[in-house]
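Residue indices begin at 1 and follow the sequence shown. Everything quoted here is computed from the prediction, not taken from an experiment.
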Amino acid sequence: MNRNIRLGQLLSPFGIGQLVNFPNDETLMICGLDAWDEIIEQRIQNAGFDHIERDEFVIREPRLEQLLGVNQFRKPFPFRENSKKNSRLTIPGVRFPQWHYCMKCSVMRQIELNRQENPRCSSGECRGRLIPVRFVAVCPQGHIQDVPFLDWVHPDGLDDERHVLSYSGGKGSGDLSSIIIQCSCGQRRTLGGIMNEGALDGISTCSGHRPWLGPIGIRQPQPCEHSLRVLIKGSSNVHYAMIKSALYLPQVGDTTSELVQRIIEREEEALCSFYELDNDGRVLRVYLQTLPEVKLGRITVDALLEQVIGFMESGKDNVDQEINSDFDIRIQEYQYLNVGRDSENTDFKAVINQFSSTEEGEFLSEYFDHITLIEKLRETRVFAGFSRLSSEDGKLSKDRIKDLSIVDKDWLPAHVVYGEGIFIKFSDEKLDEWSSQSNSNLHDLIGRYHTEQARRMNDYQNRDITPSFILLHTFSHLLINRLCYNCGYGSSSLRERIYFSSSADQRMNGILIYTSSGDSEGSMGGLVRQGRELNFYRLVKEIIEDARWCSADPVCMDVGSSTGQGPDSLNGAACHNCAIVPETSCEEFNKLLDRSALIGTNNENNLGFFESDMV
């Protein structure tokens, strides 16, 4: 049976706790970390220790490990039919929703979570194929359970008789009122209104179920009394993956060979230990002689010892710096991106491209300080939990991570991708000049955002969001859309990374657009070429023109400038026709966007960041 998922998709959109629809009307939920470990242990029992090589799955990224409080990351198992190591490993799943109905006789039945074979109807001699219902019930705390159909049909309560439900799709208009749930006792009710907010209030509250943890996640529920919300199982708000990511930053000098770089990254913990015990390098030398690279003659022990000691004595600023938040990671990356590193030896090569004295260069230098052309980058993406109903539910990262397993684990799923990118450093002076006169619509948008977040989170502290952030974010989206149009990139193969801080001592104003799709789109140099001066000049001109007119105007601009639009009205002049990108490309789930930051409004076109008469 075809149940294939790309490895990168097992973080997002199909991470732990997500429902995956497979062919032949089969829906499975990706299991938690305990079940992943059990797959390894079962394979060891069946085939022996010699058939498992755990190191193949290990990914190291010290900054993210420190941030998330784990010892390592592991990539999802690639399935191999026949190999000496790590063969026949699969990603575990459970059948959810449990409510299924028969395609022949319409009888409904709840299926066991761990049922292996495809379920068949057991009503009389029917033996029809059972398929899952289209609906699930979720709560704001991330719990998910079957829709309480019995309670829905019997709002006045159930007696002690055995009740058998049947599911009829009807022949109406296709809306929910055409779906009828009928009970063997004679009661019946359509699903009309079941997806409305508060529809289940008075009928049922959340049971605290976590089916991704297996049967124990239902037998031992978490305390929860939140209201339930019925959703279609394929809805985007059933599961929001919380992805933490970091770019690889070299910890050694430009002259360090790639071979030595890999050795230091792999053996860093042991090297540090021996270095601290050593006085003259003899202990460290003995250890280095045991490494396979030295034994195979790929490098002499003297050459390796010299470079390792140089690394230890350099201070290892990036490793030693304490990482307490995403901001700490961003500020390190921002510093690297503004300095550059022209080296072929590592997975980070960035060249600063200063503007010339030509007409194009003079134009760009008014708004930007420089562009960094990133020919090589490596990004580690870690699945660190999920939320439901809203992308931000106020939970702490450590609580989200706890929900991924029954027993606390010292690892998280991760994926490494390679690509290229362009980093654009905006002019601080120009931003300050523009911010002092930016239109009031942007401040209203920021106020709506803070109000909505405070409504959802009890201890919400206002984020560092200013009109400059909205400008950077909107420019980033328009640039992604323009690059897709000009260069043929897939709409989801480009990502943004916003570097912003209004703090005086740690100020950041830059955006990184990069490929990290893990395929040929991220390795051909096309994106880097668009960062060259003449090409980027054309891009900026086209972006300004794109910002001036949306195919939904004047509605898009007028509504965005008054009440806002999009979910919770957290966008200004930004819709699917102009500034929205795939959610996998955006860091803010397509919120906090407004084209008027670039070009002003219809009534005040002189309040945009770019001059009103420049196109």
Side-chain angles (χ1 to χ4, degrees), residues 7-8 10-12 15-17 30-44 49 51-78 85-86 89-92 241-252 261-274 287 291-292 311 316 318-326 328-329 332-333 346-348 377-386 396-418 516 518:
L7 293 182
L10 284 165
L11 271 63
S12 177
I16 293 170
I30 304 299
C31 282
L33 302 180
D34 307 280
W36 293 43
D37 281 342
E38 287 174 11
I39 292 291
I40 294 287
E41 296 303 322
Q42 289 174 4
R43 187 58 182 158
I44 290 175
F49 283 98
H51 287 77
I52 293 295
E53 181 58 59
R54 296 178 188 268
D55 289 345
E56 177 191 341
F57 307 124
V58 174
I59 297 172
R60 300 302 307 273
E61 174 51 64
R63 296 183 300 147
L64 283 176
E65 290 167 10
Q66 186 177 346
L67 175 65
L68 298 173
V70 296
N71 294 334
Q72 61 180 226
F73 306 113
R74 298 182 193 172
K75 59 184 177 183
F77 318 131
K85 301 284 186 181
N86 300 331
L89 297 177
T90 58
I91 302 299
M242 298 299 154
I243 303 296
K244 299 292 185 181
S245 66
L247 301 182
Y248 166 77
L249 300 180
Q251 300 168 17
V252 294
Q261 173 79 22
R262 302 298 185 195
I263 292 173
I264 290 175
E265 290 178 350
R266 187 188 72 220
E267 308 288 342
E268 182 178 351
E269 186 174 345
L271 294 177
C272 290
S273 298
F274 287 122
Y287 179 74
L291 300 181
F311 167 69
K316 312 184 299 302
N318 288 325
V319 180
D320 293 338
Q321 184 173 335
E322 189 173 357
I323 303 295
N324 295 313
S325 66
D326 293 297
D328 295 330
I329 290 178
Q332 285 186 10
E333 294 176 357
T346 66
D347 292 323
F348 181 82
L377 66 78
R378 185 179 85 195
E379 181 190 27
T380 301
R381 298 174 56 79
V382 179
F383 182 85
F386 61 88
L396 298 175
S397 292
K398 62 179 181 180
D399 294 329
R400 284 204 187 99
I401 293 172
K402 274 182 170 293
D403 281 342
L404 299 181
S405 60
I406 302 167
V407 179
D408 290 346
K409 301 293 180 180
D410 64 352
W411 64 276
L412 288 171
H415 186 54
V416 175
V417 290
Y418 299 85
S516 62

Begin from the C-alpha positions of Leu7 and Lys75 and carry the test side-chain contact (heavy atoms from CB on, under 4.5 Å) through to its verdict.
CA-CA 8 Å; Leu7 293 182; Lys75 59 184 177 183; 5.8 Å; no

Any chance you could lay out the side-chain contact (heavy atoms from CB on, under 4.5 Å) test for Phe73 and Val416, step after step, and finish with the verdict?
CA-CA 10 Å; Phe73 306 113; Val416 175; over 6 Å; no

Taking it one step at a time, do Ile52 and Leu89 satisfy side-chain contact (heavy atoms from CB on, under 4.5 Å)?
CA-CA 10 Å; Ile52 293 295; Leu89 297 177; 4.2 Å; yes

Chi angles and distances behind the salt bridge (Lys or Arg N to Asp or Glu O under 4.0 Å) call for Asp55, Lys85
CA-CA 11 Å; Asp55 289 345; Lys85 301 284 186 181; over 6 Å; no

Please lay out, stage by stage, how Asn71 and Trp411 fare under the test side-chain contact (heavy atoms from CB on, under 4.5 Å).
CA-CA 6 Å; Asn71 294 334; Trp411 64 276; over 6 Å; no

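One finds the CG atom of Leu67 at 7.0 Å from the OG atom of Ser397 (value rounded to the nearest 0.5 Å). The distance from atom NZ of Lys244 to atom CG of Leu64, rounded to the nearest 0.5 Å, is 9.5 Å. Rounding to the nearest 0.5 Å gives a distance of 4.0 Å between CD1 of Ile91 and CH2 of Trp36. How far CD1 of Ile329 is from CG of Asn324: 10.5 Å, rounded to the nearest 0.5 Å. A distance of 8.0 Å separates CD in Glu322 from CG in Asp328, rounded to the nearest 0.5 Å. Rounding to the nearest 0.5 angstrom, the gap separating the CG atom in Leu291 from the CG atom in Leu271 is 7.0 Å.
Counting all heavy atoms, side chain and backbone alike, Gly385 lies closest to Arg400 at CA-CB, 4.1 Å. Closest of all the heavy-atom pairs between Leu10 and Ile30 is CD2-CD1, 4.2 Å. The two residues Cys31 and Ile16 make their nearest non-hydrogen contact at O-CG1, 3.3 Å. The minimum heavy-atom distance between Pro78 and Phe57, with the atom names listed, is CD-CE2, 3.8 Å.
The side chain to side chain contact (heavy atoms under 4.5 Å, CB included) test with Phe383 is passed by exactly one of Leu404, Leu412, Ile401, Leu33: Leu404.
With salt bridges taken as basic N to acidic carboxylate O contacts below 4.0 Å, one links Glu41 and Arg54. The residues Glu333 and Arg63 are annotated as salt-bridged, a charged nitrogen and a carboxylate oxygen being separated by less than 4.0 angstrom.
Annotation: side chain of Arg74 is in contact with side chain of Asp37 (closest heavy-atom distance under 4.5 Å). The shortest distance between side-chain heavy atoms of His415 and Ser12 does not fall below 4.5 Å. Residues Pro76 and Leu11 meet the side-chain proximity criterion, which asks for heavy atoms closer than 4.5 Å.
At distances below 3.5 Å, at least one donor-acceptor pair connects side-chain atoms of Glu65 with backbone N or O atoms of Glu61.
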